[in-house]
Amino acid sequence: MTAFARRARATAARMHPELSLVSFTLLAHLEYQGGCRATDLAAHYTLDKSTISRQVGALEKAGLVERRLDPADHRVHVLHLTDRGNEVLVQVGDARRIAFRERLAGWSGADLAQFADYLLRYNEAAGEEPA
């Protein structure tokens with residue numbers, strides 16, 4: 001698992017020079033949620049607010065994320081992807097799909113099905129644990 005995580009971080013760095021694996025994960029979550037508060041990110045990933053604050057600050061500085069007032073509560077800021085953030089997320093997603101296709105090109109249909117089943121099983125078990 002350590003080798004898998006190390007490879008994932010290295011691959012993320014090659015996919016887009018300004019987007020770490022953590023940054024990609026946060027952007028993907030914001031896209032999936034249609035925006036959320038920084039405190040929601042911290043709670044979802046069980047990270048300290050200061051850690052999320054640093055990550056979000058870097059994403060804002062890179063022009064990938066922006067804060068908008070919550071229309072329901074003007075005391076709250078909601079994080080949203082910028083147009084550039086969406087573009088980068090699409091680019092990285094496309095590059096990841098190509099890399100996966102290349103890496104799995106020699107696998108048989110049965111191997112791919114078994115691998116997918118194992119990944120589903122693993123993720124379902126992980127879903128029972130805290131995020």
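- In this structure, the side chain of Arg84 engages the main chain of Ala62 through a donor-acceptor pair within 3.5 Å.
- Atom CG of residue Asp70 and atom CZ of residue Arg68 lie 11.5 Å apart, to the nearest 0.5 angstrom.
- For the atom pair CD of Glu66 and CD of Glu60, the computed distance is 9.0 Å after rounding to the nearest 0.5 Å.
- By the criterion of side-chain heavy atoms lying less than 4.5 angstrom apart, applied directly or through intervening Ile, Leu, Val, Met, Phe, Trp or Tyr residues, Leu64 is grouped together with Ile52 in one hydrophobic cluster.
- Residues His80 and Val65 fail the side-chain proximity criterion, which asks for heavy atoms closer than 4.5 Å.
- Taking 4.5 Å as the limit, some side-chain heavy atom of Arg67 sits within range of a side-chain heavy atom of Val56.
- Atom NE2 of His77 is separated from atom CG of Leu69 by 4.5 Å, given to the nearest 0.5 angstrom.
- Of all non-hydrogen atoms in Cys36 and Leu30, the two that sit nearest each other are SG-CD2, 3.5 Å.
- Residues Leu104, Trp107, Leu112, Phe115 make up the rest of the hydrophobic cluster containing Leu119, defined by ILVMFWY side-chain heavy atoms closer than 4.5 Å, directly or through other members.
- Here Asp40 contributes atom CG and His29 contributes atom NE2; the two are 7.0 Å apart, rounded to the nearest 0.5 Å.
- Considering CD of Gln55 and OG1 of Thr51, their distance stands at 7.5 Å, rounded to 0.5 Å.
- The hydrophobic cluster containing Leu26 does not contain Val78, counting ILVMFWY residues as joined when their side-chain heavy atoms lie under 4.5 angstrom apart, directly or transitively.
- Checked against side chain to side chain contact (heavy atoms under 4.5 Å, CB included), Arg101 has the following partners two or more places apart in sequence or in another chain: Arg97, Ile98.
- The closest side-chain heavy-atom distance from Tyr45 to Thr25 is below 4.5 Å.
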